[in-house]
There are 2 protein chains.
Amino acid sequence: MTRAGHHASRTAAGSVPTIKHVAARAGVSTATVSRVLSGIDGVRPELRERVHAAVSELAYHPNRVARNLRVRTTRLIGLVISDIQNPFFTSVVRGIEDVLQRADYTLLLGNTDENLEREQVYLSTLRAEGVAGIILAPTGKSSGHYGHLLPIQLPVVAIDRAPAGLSADTVIVNNSAGSCAAVTHLIALGHQRIGCITGPPNLSTAEERKNGYAQALQARQLPLVDCLIRYADFRQSGGYAAMQALLELDEPPSAVFVANNLMTLGALQALHERGLQIPSHVAIVGFDDMSWATSLQPPLTAVAQPTYLLGTTAANLLLARLREPHRPVQQIVLDTKLMVRASCGAQQRFLAL
Amino acid sequence: MTRAGHHASRTAAGSVPTIKHVAARAGVSTATVSRVLSGIDGVRPELRERVHAAVSELAYHPNRVARNLRVRTTRLIGLVISDIQNPFFTSVVRGIEDVLQRADYTLLLGNTDENLEREQVYLSTLRAEGVAGIILAPTGKSSGHYGHLLPIQLPVVAIDRAPAGLSADTVIVNNSAGSCAAVTHLIALGHQRIGCITGPPNLSTAEERKNGYAQALQARQLPLVDCLIRYADFRQSGGYAAMQALLELDEPPSAVFVANNLMTLGALQALHERGLQIPSHVAIVGFDDMSWATSLQPPLTAVAQPTYLLGTTAANLLLARLREPHRPVQQIVLDTKLMVRASCGAQQRFLAL
DNA sequence: ATGAAAGCGCTAACAT
DNA sequence: ATGTTAGCGCTTTCAT
């Protein structure tokens, strides 16, 4: 690193140097160069030295594409998610990236936008690019869409959602327990009429979170009122509209559980626009604990998902399968944590005591 | 797509079929298969037909790694950013991804965490993987860190930040104009003592936003007070601490301009914790218009960056250079837009009239 | 219009 | 301990 070296001295034609150039310059065979660079021992220190010298003189960088072809695998991992703009996923991606990068893998990213066709396109591109494995937040409900990955033995780990019948390593979150805890908390605070804004019925996460809500009510003998349950689209506008609908009810809820981060934002907006106070008029508990939760007034009570952990767990699972292709398939369920702040009314309670 | 076909009929050994298998099955040469699949015409319809039949019978998928080696380029684009968790970047990524995906390129993602060393590692990995081009949000201040990319003719487009002396296509935002507009707005609202929380001095964006603040004050003959300018780290905790420091001043500001999204969140938190009202006690204008801005109470006035456009512009710039390597280097400066909502006090004003 | 064959840059038997 | 060589799967001259 002390001397840069003139690029003029690189190769005859000024083109990018290959292993052959290095071999020639060091006066050894390409096999020896390869051995030295792969850290295989059994090479005389002197030759080793000469190779290293040649490498740095020529500013040689091994061509991974050639290597990938030869060894019939790559250091690439495909990552297919449905919404790169959702903070939930970016935190997951961060976790994945952190462990993969340490293991010298690089991520090939695909954003499907919840579009099944786009997902299929990505999956086949990733396959064509020869990725060593795939981490996927599946859009499809059933395993049918992913069957073609199995014959080629491509390791896949599913995250966030578990398509029915897909026999692949999976890491998900205990959604129903999380929302059940949230709603139970609301009930304990004295609420009897609690609304629920959940996601599209075809997404397992939306379904599970709604189920947790229902469980909580049933456990306390509270009736399940149909009109208090709203299916929106997991986006801000959906949460906004759903909250408006809830508020226009003859008998609006005194508290509402919102099943994801973006919809919570929309719901809040609807409340503010009507000048309604949180939690005195309507108490709120959200799903997903975001960076902005503590900056709201009042701070948002929310079910925190272990997003970063979800990412690292998925990446480690994939790494493990890469090392050991025949290990038994694993499904890991991560726990959520209820972050009690003020939007549910808990703080007021304490003050009142 | 009507019949799945038995995989048993694929190849002799059950391994992944190659172009040779297809050629054999169709009774043509591999060259012809290649021509058909590349859409090169001059192949008799009959042979074309046979090739397609063989392809689907064998469920053949071309191996891009082999192709990449042969044609000495890839359909891969490297993307190196500093913080995948920052909504600013995810929106940019979305824009990039949308245009690249349509052009049949796939993204190789690297998250540097603002770490120069990690950035270097990624850059060399990307180079080794043979990416066709790179989109980079540079962490380094000067072009020195990127010089080695030039000799190999690797097209690079810089986004968000422009390292001094780097002669590469660039797309940035007019930061100083944006923050100047924000602060000017505050002044017009009657504020005389305005604080500024900006980012690390080594980041061009932080510097420019502070400059815009200073310009606005100077234009209206307002003094530049040192203790009102705080350098934080562009993260939530930094904004929180900076706002606290500002509030502890003997003469605290009546308004503050916060130079990025995450720090605004922290600043808001500090205000809430002290029970201070926005905008009556302290008016706030942020930089970056996020999805949560409208859900705050009061809604946040902020300088909106055209993030998605920034992404698509960068991607298109790269695509253009790929097509036309010797086109003149371009620097594109995108405009910001001040989204006036209530946190600056503008709404109150209107009400008071 | 089609095929034969070389070769992209590397690794891994195999031979010495 | 080191070198020779075949070949990964594809594209692309060059012949025919």
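For the numbers below, each heavy atom of this structure counts, side chains included, while hydrogens, waters and symmetry mates do not. Keep in mind the model is a prediction, meaning the values are calculated, not measured.
Projected onto DNA chain C by closest heavy-atom contact, A/Asn63 and B/Ser29 fall at different nucleotides, the more 5' of which corresponds to B/Ser29. Comparing A/Ala66 and B/Gly42, the nucleotide of DNA chain C nearest to each residue sits closer to the 5' end for B/Gly42.
Remark: side-chain polar atoms of B/Glu119 are paired, donor with acceptor, to backbone N or O of B/Thr139 under 3.5 angstrom. With B/Arg50 contributing its side chain and B/Gly27 its backbone, the two residues share a donor-acceptor pair below 3.5 Å.
Of the candidate nucleotides C/dC10, D/dC10, D/dT11, D/dC10 has the atom lying nearest to any side-chain atom of B/Thr18. Side-chain proximity of B/Arg70 to the nucleotides D/dG3, C/dG7, C/dT11 is greatest for C/dG7. Distances from the side chain of A/Thr32 to the nucleotides C/dA5, D/dG3, C/dA12 place D/dG3 closest.
In this structure, A/Glu97 does not pair ionically with A/Arg102, as no charged nitrogen and carboxylate oxygen lie closer than 4.0 Å.
Whole-Å rounding puts the A/Leu37 CG to C/dC10 P distance at 9 Å. Straight-line distance from the CD1 atom of A/Ile40 to the P atom of C/dA12: 7 Å, rounded to whole Å. The distance from atom CG of B/Leu69 to atom P of C/dC10 is 9 Å, rounded to the nearest whole Å. What separates NZ of A/Lys20 from P of C/dC10 is a distance of 10 Å, to the nearest Å. Straight-line distance from the CZ atom of B/Arg67 to the C1' atom of D/dC8: 17 Å, rounded to whole Å. Atoms CG (A/Asn68) and P (C/dC8) sit 18 Å apart, rounded to a whole Å. Computed from coordinates, the A/Arg72 CZ to C/dG9 C1' distance equals 16 Å when rounded to whole Å. In this structure, CD1 of A/Ile19 is placed 5 Å from P of C/dC10, rounded to the nearest angstrom.
Among the atoms of the strands shown, only primed sugar atoms or phosphate atoms (P, OP1, OP2) are found under 4.0 Å from some heavy atom of A/Val28. B/Arg64 comes within 4.0 angstrom of nothing in the nucleic acid, heavy atoms only.
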Derivation of the salt bridge (Lys or Arg N to Asp or Glu O under 4.0 Å) call for A/Asp98 and B/Arg118: CA-CA 11 Å; A/Asp98 277 0; B/Arg118 203 159 152 175; 3.1 Å; yes
Salt bridge (Lys or Arg N to Asp or Glu O under 4.0 Å) between A/Arg75 and A/Glu129, worked out: CA-CA 11 Å; A/Arg75 300 302 287 186; A/Glu129 292 286 2; over 6 Å; no
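Within the 4.0 Å cut-off from OP1 or OP2 of C/dT11, at least one side-chain nitrogen or oxygen of A/Ser34 is found. Applying the 4.0 Å criterion to OP1 and OP2 of D/dT12, one finds that B/Arg35 has every side-chain N and O outside that range. Checking the phosphate oxygens (OP1, OP2) of D/dA1, no side-chain nitrogen or oxygen of A/Arg44 falls inside 4.0 Å.
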